[in-house]
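Beneath this line is the structure, given in structure tokens, with notes to follow.
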Number of protein chains: 2
Amino acid sequence: MSSKLPPLSSLRVFEAAARYCSFTRASEELGMTQAAVSYQIKILEERVGTPLFLRRPRQVSLTETGERLAPVVSEAFELLRGAFAVAEDASQGLLSITTVNTFAANFLAERIGRFQFKYEDLAVRLDTSPGIIDFAREEFDLAIRAGRGNWPGLETHLLVPAEFSPMLSPELAASIGGIKQPSDLLKLPFIDPSDPWWKIWFDAMDTSSDELKCKPRSRMGTQTLEAKAAEAGQGVAILTPAFYRDSLNRGRLIQPFERVCHDGFGYWLVYPKARRNVPKIRKFRDWILLEIKEHYEREEIAITERRETDAIVY
Amino acid sequence: MSSKLPPLSSLRVFEAAARYCSFTRASEELGMTQAAVSYQIKILEERVGTPLFLRRPRQVSLTETGERLAPVVSEAFELLRGAFAVAEDASQGLLSITTVNTFAANFLAERIGRFQFKYEDLAVRLDTSPGIIDFAREEFDLAIRAGRGNWPGLETHLLVPAEFSPMLSPELAASIGGIKQPSDLLKLPFIDPSDPWWKIWFDAMDTSSDELKCKPRSRMGTQTLEAKAAEAGQGVAILTPAFYRDSLNRGRLIQPFERVCHDGFGYWLVYPKARRNVPKIRKFRDWILLEIKEHYEREEIAITERRETDAIVY
DNA sequence: ACTATGCATAAGGAGATTTAATGTATTATG
DNA sequence: CATAATACATTAAATCTCCTTATGCATAGT
């Protein structure tokens, strides 16, 4: 199918040497010594079976064969150069992120616009899917996943620790005269009584929760629906407060107890270690870590404010 | 002017791997191990900054970027393959020879046709020029030159030793009653009395030639004209018998004495040592050496025959 | 469950490539 | 005309790339 190609390294040298008609000049462009150029040309000439350059006194010139070869080699290299320049650009121009739904809905969706505004030449593809992701197997630059952050070979940044605390609508709380102590919650319906987080939280509050039977695994990632149900006053949910600051501030949900628990899980930004310095990856990483930082700074303030308000309400 | 190219060796590997969508298959085509392919692809991916293959369970497939790159890389390599195939063919298809005039006129001209007939796909360019030739500086495959055969870096084959002996037309010989002894020649005009060969020859025959004053350097390469003059009966010339076998056989010239001298000079086939195995060079070398061999075999016979004839004439 | 297939990785080494130093030839210069 | 400057060739030694061997891991097929 294909006659064997000459050594490719010698071709690159030939291309440059032919352009300049000078081994010395070519060696400068290629960042090597003149001796190396001379050597490579010799290799190529031996391979082709005929001289490619005529050694004139103070310059070399192409032989007939060299003259025919040079433009084709140049063209081929131009093709490659073009293709790779585009490929590198293109690969830098699209940032594809896969994220678990909870994080997308409660944090990323409302902020990603700012990222796109800041980096206008960077298109963002946002994919929402659960489960783990194998970067060797799927075309994503970044992933946001829930877990403990122990993924080998991947760079990880904790975005939001999966803290949790019971939440409910103010109306539901008022229906039983307010929530004064943890056991009050047990008078109300639970939106997902099987969530293991309940036990952890009640244990931390030294309150028995035997009547709830927990599932073995937490179901992080489905908080969005539970939150909607809680807002609608259908019961008490155990949620990650950081994701619902807005609802709390607007009074659509209340978090009756400051106490948050957490089980070591969290939402992580992950990507292959080897790609940590790819520009678009760096851009997103730096941006989101700053957003997170600011978010928590504002949350500090919000909590203090609510505490004061709550003191009035209850 | 040009963004740097990725390592070219990795491109060749990529091209094959993309064609097969299989590292193993590619490694077979390329004659290397699967590990080597894997390594090269990794290099390239790191260089481009993005994966080019998705590692699916039992096969790899191209990523979007890989998909865009593959056809361009293939095209570039196809270009190169084509160009070099042609160049190699072309460089094999034209044999260019530079030769000194004497040899061309007296030996090569009448035989080169047979070479061209034997190798019809080989065009021959015959250049007649004196002086030395620098293969690094001029586009010739072969040269035929007069000298002592001591050219460093060049492969040399002695074609015809520059032997010499006086020759003249039979008519001129008859005009003084035949040539019985060397001194008889001195009674006749010399076509080029300054040729240093005269002295060597007369010395070898123990005959004084003081009346001739020789130039310091022989003038090999201009024999053709002297021979013509001798045939026309204008005088005695000192010539290389091997070149005038035909004239001798036809009786247009006679060589009165068997004794030939030589001064170490000769006609040589020369070419760069490094190119000794280039097919067209090998073809010509083998062909001409055989022609020479046959020429001398026939000359042996001719000399014997002439000797018998001469015995009758004189 | 077991085998076969396909890719990844690590270590080691052969060979290719590059450099540094030097030589040769030619042109330019004082 | 001698000298300096330019450009390429050549050599040996150092370096580094690339390849192989050996091994591991995951998946698909039996």
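Throughout, a chain's letter reflects where its sequence line sits, starting with A, and its residues are numbered from 1.
- What separates OH of B/Y20 from C1' of C/dT5 is a distance of 18 Å, to the nearest Å.
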Might you list the N or O atoms of the protein lying below 3.5 Å from N or O atoms in nucleotides 8-18 of chain D, with each pair's distance?
{"unit_1": "D/dC8", "atom_1": "OP1", "unit_2": "A/F23", "atom_2": "N", "d": "3.1"}
{"unit_1": "D/dC8", "atom_1": "OP2", "unit_2": "A/T24", "atom_2": "N", "d": "3.0"}
{"unit_1": "D/dC8", "atom_1": "OP2", "unit_2": "A/T24", "atom_2": "OG1", "d": "2.4"}
{"unit_1": "D/dA9", "atom_1": "OP1", "unit_2": "A/R55", "atom_2": "NE", "d": "2.4"}
{"unit_1": "D/dA9", "atom_1": "OP1", "unit_2": "A/R55", "atom_2": "NH2", "d": "3.3"}
{"unit_1": "D/dA9", "atom_1": "OP2", "unit_2": "A/S38", "atom_2": "OG", "d": "2.7"}
{"unit_1": "D/dA9", "atom_1": "N7", "unit_2": "A/Q34", "atom_2": "NE2", "d": "3.2"}
{"unit_1": "D/dT10", "atom_1": "OP2", "unit_2": "A/K42", "atom_2": "NZ", "d": "3.3"}
{"unit_1": "D/dC18", "atom_1": "OP1", "unit_2": "B/S9", "atom_2": "OG", "d": "3.0"}

All N/O donor-acceptor pairs, side-chain side in residues 149-162 of chain A, below 3.5 Å, sequence neighbours left out:
{"unit_1": "A/H157", "atom_1": "NE2", "unit_2": "A/Y271", "atom_2": "OH", "d": "2.7"}

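- Under a cut-off of 6.0 angstrom, the local environment of CD in A/E64 is sparse, with at most 12 non-hydrogen atoms contributed by other residues, nucleotides or ligands.
- Proximity of the aromatic rings of A/F23 and A/F53 is defined here by a centroid distance below 6.0 angstrom, and this criterion is met.
- Nucleotide C/dA8 holds its P atom 11 Å from the CG atom of B/L54, rounded to whole Å.
- A salt bridge links A/R81 with A/E78; the closest basic N to acidic carboxylate O contact falls under 4.0 Å.
- The only member of B/V278, B/L126, B/L142 that meets side-chain contact (heavy atoms from CB on, under 4.5 Å) when paired with B/L95 is B/L142.
- Distance, A/F135 CZ to C/dA8 C1': 18 Å, rounded to whole Å.
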